[in-house]
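The structure appears right after this line, and notes come after that.
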Number of protein chains: 2
Amino acid sequence: MADKKRRITSVDVAREAGLSRGTVSFVLNNTPGQSIPEATRQRVLQAAARLGYTPYAPARTLRSGRSDVALFVLPDWPQGPTMAALVDRAAQVLGEAGLTLITHVHAGHDDGLMKLWSALSPAAVFGMRPFTGEELEGMRRVRIPAVLPPSEQPGYDIGGSLWISGVGRLQARYLIGKGHERLAYVVPDDPRLSALGRGRAEGAAQACAEAGLPEPVVSTIAMDAGSAAEAVVGWEATVTAACAYNDEVALALLAGMRAAGSSLPVIGADDIPAARFAVPPLTTVAQDSGEIGEHIARALLRVLNDEDPALELPASVIHVVERESA
Amino acid sequence: MADKKRRITSVDVAREAGLSRGTVSFVLNNTPGQSIPEATRQRVLQAAARLGYTPYAPARTLRSGRSDVALFVLPDWPQGPTMAALVDRAAQVLGEAGLTLITHVHAGHDDGLMKLWSALSPAAVFGMRPFTGEELEGMRRVRIPAVLPPSEQPGYDIGGSLWISGVGRLQARYLIGKGHERLAYVVPDDPRLSALGRGRAEGAAQACAEAGLPEPVVSTIAMDAGSAAEAVVGWEATVTAACAYNDEVALALLAGMRAAGSSLPVIGADDIPAARFAVPPLTTVAQDSGEIGEHIARALLRVLNDEDPALELPASVIHVVERESA
DNA sequence: TGCCGTTACTATCACGTGTAACCTATGACT
DNA sequence: AGTCATAGGTTACACGTGATAGTAACGGCA
C-alpha cells in the first residue's frame, strides 16, 4: 500500500467512479438544483465508501468560509460534574445541527485565545466567562459569526445573571424563608473565583434588600477547616445562617463549625455528589445543567441564523435541594 | 466601515506595505534562507499590526498539511479537578511548542469522533480512554500523525496502567501495610465507570496476591448511603478495610457505615477538595495531575517528531495522602 | 428542419496560504 | 569589459473543496 503517503481526496473518488470531481461533490453534498440519476449517485457513494473518503475540513472551510466547529471557552477554575453535563448536552444539540462542540480551558495566563481562533476559526464561540475587550476585538477581526459571553455584554446575557447572582439570590431567599435575618456569604480565597463569588454574594445582598434585611457579612476563607472556623468565630452571635459560594466551601464551613464547636445552618451551591454524604447532608442550590446546556446551544444556533439570541432562561433551571444542613 | 464584508488577508498587508504577498509571507514566518533587510521587515510587521492581520488557519493548514491543534478526547464520565489540572498543564506544555490544546468530551453515543477528525484535522490526538478499532481505523484513514490512547495499544501505554491499576495497587498496599488481610473494593454502578473501576480493582487484587492474601471482595454500589450500607452489612465481619474506586464512592461508603452503625477503614482516590472535610477526613491516593499532563504532552510532541513516545511515568506521581479514615 | 428546454454531466474559478522558481539590479573579481 | 555571485525581491503553483458557468446529447414541438 502507498498508505503513508497521500490522503484520499475527492479526485480519487471521481477516478474510482469514472466521473468528474464536480459530480462527486454534487452527490456528496446533495447540492440542490442538480439532477443526478440514482445510478450515478450510487456509483459515487459506493466509490467513496470503498475508498473510505473523508472530506478534508480545512479545504472545505477555506472554500465555504464556514467551519462547523463550535467552541466553548471554559474558565480555569475547577469544573465539576455540573459543567460536564452542561457541555455534554450542548454538544448533543449542536451535533444535531451539524456542529461539533469543542471545549478549551483557558487559564488566562497567556494570549492563547488569539491563537485559538486562528487555529480553529470556529463557526461560533461561547464563553463561560466574560471576555475582555481585547479578546472581543480579536474575535471581531477574524469575523467569528457568533459570540455569546455570559452577561456583561449587553444583549448577550444568556441567563448569565441567573447562574451567578440568581444562585446567590435563591440561597438567601431560602434562608430568609426559614426565618433568618442576619446572613453571611462565604467565598473562597482563590482569586480565580473572586469574580463569580462577588456576583453570587451580590445576588444574596439583593435578596436581603428585597426583604428589608441588612446586607450579608461577606467572609473570605482558605479551603481548610481552620480558616473556616476562624470565620465562624468571627461572626460571634450576629450571624444566624450562612450561604456558601459552592458546595466545597459549604463543606469547609461545616468542618470549621465542627472544629469551633458551633452549628449554624449552611446552604451550598451546585449539588456535587459529595453534598449528600456530608455531615449533616448539605442543603444546596442545584442547577439543571442539561437544560442550561441545551439553552445555550439553541441560542448559539439562533445567532448563526442571524436571529435574536436573547432567550430567557426559565427560572426553574435552578432550585433548592433541601437536606439537613439548613 | 466595510467591516462586515471581508476578512483581512496577507494581500491586504502586502498592499499596505507596498510589497508582494510573497515577501510578507517570508517575513511573517521568518522563512529561513531569505535575506530581508531590517527596514522591509519592519514595514511588513507594522503594516500587519496596523491592519490587525491574523493568518487564516484553514488556508495555512490546507497548504502546509499540518494543523497546530492537539486534541484530547475525554470520556464522558464525571471529571474532577484532577483532570482539569492535567489538561491545563498539558495545554501549557503544548502551547510552548506552538500547539493549541483542545478537548472534546465524547459520550460515545454517536459517531461524533469521526466528524471531529474531519472537522479539526488535528495534528495530534490523545485519548483519555482507549479507542475502538473502528475509531483507530478512521484516524488511520485521515492520517492523523499522533495517537496515544492510554494502555491497550501496545507500545502506547503512556502510564495508563499507573493511573488505573496503579492506583488500586497503592490503595491496597497501604491498607495491607496497616495490617489488614481481608479487603473490599467498592465500585460505583455507573456503567461508564465500570471499565476503569475493574482496572483499579485488578490493581488491588495484584497487590493482595503479591502479599499472599486472598482477593478483595468487589462490591458495586449505587451512589447513596442506603446502597453503601447494604454493601457494608453484606461484608459481615470478614472484611476489615475497604478501598473505594474514588473519593465520592469513599464518601458514600463513610455515609453508609454511619447509617449501618459500623466503622471500617476506608481509602479513596483522587483527593477531591471534599475529601479533607469528610467525617472522618478521608485518606486517599492523590495524583500529581500536573506532572501527568506534562508527561502526556511531551510524549505527544515526541511522537510528532517520529521519536519513541514511550516515556516511563515515574511512580512518584501517585502517593497516599494520609488522613484519618484509614 | 429548426428551436428550445431539460438532463447529466464537465471545466473552471476562487478561497488564503507557503514555498520553489525565477528575475533584476549591484558590486566584486578576473 | 565581461562574468558571476548575491541581495532583495516578485511570480507562479499547489493544497482540496464548493459552486458557477458551460456543453453535449436528446426529446418535444411547431
Side-chain angles (χ1 to χ4, degrees), chain A residues 5-44 47-48 51-68 98 117-121 123 141-143, chain B residues 5-44 47-48 51-68 98 117-121 123 141-143:
Chain A
K5 255 340 206 179
R6 254 172 23 81
R7 84 159 23 237
I8 293 168
T9 77
S10 62
V11 173
D12 300 313
V13 177
R15 190 185 314 113
E16 173 86 6
L19 289 166
S20 82
R21 206 185 52 74
T23 308
V24 169
S25 177
F26 291 145
V27 170
L28 263 36
N29 304 328
N30 5 358
T31 312
Q34 295 288 336
S35 71
I36 303 197
E38 191 56 26
T40 317
R41 154 174 255 96
Q42 288 306 325
R43 203 142 52 101
V44 171
L51 297 177
Y53 168 70
T54 317
Y56 188 48
R60 183 197 280 258
T61 303
L62 173 59
R63 168 61 225 208
S64 66
R66 197 143 298 240
S67 101
D68 53 356
W117 298 317
S118 92
L120 284 180
S121 59
R141 260 193 194 126
V142 299
R143 319 216 184 290
Chain B
K5 255 339 205 182
R6 255 174 22 81
R7 87 164 14 242
I8 293 170
T9 76
S10 62
V11 174
D12 300 314
V13 176
R15 190 184 314 114
E16 173 85 6
L19 290 165
S20 82
R21 206 184 51 75
T23 308
V24 169
S25 178
F26 290 143
V27 170
L28 262 37
N29 304 328
N30 5 0
T31 312
Q34 296 288 337
S35 74
I36 302 196
E38 191 54 27
T40 322
R41 155 175 254 96
Q42 287 306 323
R43 204 143 50 104
V44 170
L51 297 176
Y53 168 70
T54 317
Y56 189 47
R60 182 196 282 256
T61 304
L62 173 59
R63 167 63 225 209
S64 66
R66 196 142 298 236
S67 99
D68 52 356
W117 297 317
S118 92
L120 283 180
S121 60
R141 262 196 193 121
V142 298
R143 319 216 184 291

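To find a chain, count down the sequence lines: A is the first, B the second, and so on, and within it residues start at 1.
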Check: A:Thr40 and A:Leu19 side chains under 4.5 Å, non-hydrogen atoms: yes
Between C1' of C:dT19 and CG of B:Asn30, the distance in whole Å: 15 Å
Distance in angstrom units between A:Asn29 CG and D:dG16 P, rounded: 17 Å
Give me, pair by pair, the N or O atoms of the protein and of nucleotides 7-10 of chain D that are less than 3.5 Å apart, along with how far apart they are.
| from | atom 1 | to | atom 2 | distance (Å) |
| --- | --- | --- | --- | --- |
| D:dG9 | OP2 | B:Thr40 | OG1 | 2.6 |
| D:dT10 | OP1 | B:Ser20 | N | 3.4 |
| D:dT10 | OP2 | B:Ser20 | N | 2.8 |
| D:dT10 | OP2 | B:Ser20 | OG | 2.7 |
| D:dT10 | OP2 | B:Thr23 | OG1 | 2.6 |

OP1 or OP2 of C:dG18 under 4.0 Å from side-chain N/O of B:Arg60: yes
Interatomic distance where CG belongs to B:Leu62 and P belongs to D:dA14 [whole Å]: 13 Å
Side chain proximity check, A:Pro55 to A:Ser10, heavy atoms < 4.5 angstrom: no
B:Val27 side chain near B:Gln34 side chain, heavy-atom distance below 4.5 Å: no
A:Val44 side chain near A:Phe26 side chain, heavy-atom distance below 4.5 Å: no
B:Tyr56 side chain near C:dG18 phosphate (N/O to OP1/OP2, under 4.0 Å): no
Note, A:Leu62 side chain near A:Pro58 side chain (heavy atom, < 4.5 Å): no
Side-chain N or O of B:Ser64 closer than 4.0 Å to phosphate OP1/OP2 of C:dG18: no
For atom CD1 of B:Ile8 and atom P of C:dG16, their distance in whole Å: 12 Å
Whole-Å gap separating C1' (D:dC15) and CZ (B:Arg66): 14 Å
side-chain N/O B:Ser10 vs C:dT17 OP1/OP2, d < 4.0 Å: yes
Separation of atom CG in A:Asp68 from atom P in D:dT17, rounded to whole Å: 14 Å
Heavy-atom side-chain contact between B:Ile8 and B:Tyr56 under 4.5 Å: no
